[in-house]
2 protein chains.
Amino acid sequence: MVIDINLSTLQRLKRPEAPSIPQPSLARLPQYHHYLVDLADKGISRISCSVIGAYLGLIPVQVRKDLQYTGIIGKPKTGYSVAELIQAIETFLGWNNINEAFLVGVGNLGTALLGHERFSKFGLRIVAAFDTDSTKIGQWIHEKAVLPLEQLADLAQRMSIHLGIITCPAEAAQAVADEMVKGGIQAIWNFAPVKLRVPDHIIVHNEDLYSTLASLSWKLARRFRVPVQEKEAV
Amino acid sequence: MVIDINLSTLQRLKRPEAPSIPQPSLARLPQYHHYLVDLADKGISRISCSVIGAYLGLIPVQVRKDLQYTGIIGKPKTGYSVAELIQAIETFLGWNNINEAFLVGVGNLGTALLGHERFSKFGLRIVAAFDTDSTKIGQWIHEKAVLPLEQLADLAQRMSIHLGIITCPAEAAQAVADEMVKGGIQAIWNFAPVKLRVPDHIIVHNEDLYSTLASLSWKLARRFRVPVQEKEAV
DNA sequence: GTAGACTCGGTATATGGTTATCGATATAAA
DNA sequence: TTTATATCGATAACCATATACCGAGTCTAC
């Protein structure tokens, strides 16, 4: 059986033009951004890594390294310009160019995302929603039309939509992903707890609530359980 | 200014009894679990790391290492017992003992979580919801009562609730967290895009949509931008 | 104007997680 | 019964990320 070998090999081969920024740093940038916007609102114009780090519980060096990826240049003693920093992060993350997205699955979660106006500040605009439930189709939710899933592929192609958001039940997720791929969608933000099978060039990010839940319950169990050894000897 | 030094030092001091399992492994366990339950439903009773890995896009060694943390023991050639493996993961993650939780913020997202029946399979039961909006208080959403936030601390204490879920707007999140701490809650699952300030012994997990969004938009921007160098020389 | 303190940027080291390798063992086929 | 093969468990090498260190620059206070 060589399937596994092929798979892992593929994964590695896919990465030559791999991220020039570590994934964890990428994930921290929005946090810096959020804090910086707050500062800007307060009229503060310069900031140092130490202060940012103190606020977020990170050491100054790490903050500095993360920020360096955005290409920003600071000045000794004074630190960075807040405005420049915000700009640098937004540019780096591509938040200046809006990504238009389709969302599939207008349940509670889907509705929540559709109504999240703040996304537009972070380069995301959900332009339409899709569902298979005929009672939902035709409705308008948060000013977005709910269309039948069958139209997704065609519309995505014609409107050059690059991003798809999956908030449908797990059972339907793979079929939805297939439709998205057919419509030329490049990246999928997947909220369904399923491993999607898509071509290699498609970017998939899973928002896996169960992972978080696992961490939490493990830590809680650990805290309230009498401290026993985790592994039994054979 | 020594705040930062103290902070980072604290973080390290907090960790002596740190996770005996890497965070990424912990996050993968639910995925294995999900797949295994599917297998069990199909009547398959034994499984090898290679097959699990092939399904999830991981190499067999990694799967094996992850599973070892749960204390499971496999047999050469045959692999693991599916049933034992499921049991081992559930026990390890503490999914057998139900965690009762309070949820604060009955917006779309909060409602979505309240309605998510599957959580109960993963050791989570949301027993009540809270809000400050008087039009929501008194309602029942998915068979859970919506109570005024003021009652949270008292009820949490009397019912020995250990877990709090924050799905309210960012502005209110810190105040809610404070209430939770006052009520003796040990762990917080935070969906608000805010860095919460809580005592050291409180476990906080942020479900940060913006981090994911940042990754996605960076990768999309990178794909569609002409490949230029990321950093300008000084 | 000078001394001192703070902060940046670059390089080096340490840590933690992932991947590779090897020997042992159980099953299945000859 | 013997041989071949798939798989596990353990140890070791490797890689990515996080942390520490050091020199250089600039602002503040005296």
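Because only heavy atoms are used, hydrogens play no part in the values below, and waters and symmetry mates are left out as well, while side chains stay in. All chains are named by letter (A, B, ...) in the order of the sequence lines, taking the proteins before the strands, and each is independently numbered beginning at 1. All values reported here derive from a predicted model rather than from experimental measurement.
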- Message: For A/His162 and A/Glu100: C-alpha separation, side-chain torsions, deciding distance, then whether side-chain hydrogen bond (donor to acceptor under 3.5 Å, both in side chains) applies.
- Response: CA-CA 7 Å; A/His162 295 139; A/Glu100 296 192 323; over 6 Å; no
- Query: Taking atom CD of B/Glu207 and atom CD1 of B/Ile165, what is their separation to the nearest 0.5 Å?
  - Reply: 10.5 Å
- Note on the structure: The reported gap from CD1 in A/Ile52 to CG in A/Leu85 (rounded to nearest 0.5 angstrom) is 5.5 Å
- Touch class at under 4.0 angstrom, heavy-atom based, for A/Arg28 against every strand present: sugar-phosphate
Assess, by modelled atom type and distance only, whether the side chains of [X] and [Y] contain a donor and an acceptor separated by less than 3.5 Å.
X: B/Gln186; Y: A/Arg223; value: yes
X: B/His34; Y: A/Lys195; value: no
X: B/Gln62; Y: B/Asp66; value: no

Output the rounded distance in Å from [atom1] ([X]) to [atom2] ([N]).
X: B/Gln23; N: D/dA16; atom1: CD; atom2: C1'; result: 17 Å
X: B/Asp66; N: C/dG17; atom1: CG; atom2: C1'; result: 10 Å
X: B/Leu26; N: C/dT18; atom1: CG; atom2: P; result: 12 Å
X: A/Ile59; N: C/dA14; atom1: CD1; atom2: C1'; result: 12 Å
X: B/Tyr80; N: D/dA6; atom1: OH; atom2: C1'; result: 13 Å
X: B/Leu85; N: D/dT7; atom1: CG; atom2: P; result: 15 Å
X: A/Ile73; N: D/dG25; atom1: CD1; atom2: P; result: 15 Å
X: B/Arg46; N: D/dT7; atom1: CZ; atom2: P; result: 12 Å

- Message: Any side-chain N or O of A/Tyr69 below 4.0 angstrom from OP1/OP2 of D/dT17?
- Response: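 Indeed not, no polar side-chain atom of A/Tyr69 lies that close.
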- Message: Check this one for me: any side-chain N or O of B/Gln62 less than 4.0 Å away from OP1 or OP2 of C/dG17?
- Response: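 B/Gln62 to C/dG17 OP1/OP2: no side-chain N or O under 4.0 Å.
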- Note on the structure: Nearest-nucleotide check on DNA chain C, B/Pro24 vs A/Lys65; residue mapping nearer the 5' end is A/Lys65
- Message: Treating primed atoms plus P, OP1 and OP2 as sugar-phosphate and everything else as base, which nucleotides of nucleotides 22-30 of chain C get B, S or - for protein heavy atoms under 4.0 Å?
- Response: ---BBB---
- Message: Tell me the closest heavy-atom pair linking B/Thr167 and B/Gly110, and the distance in Å.
- Response: OG1-CA, 3.5 Å
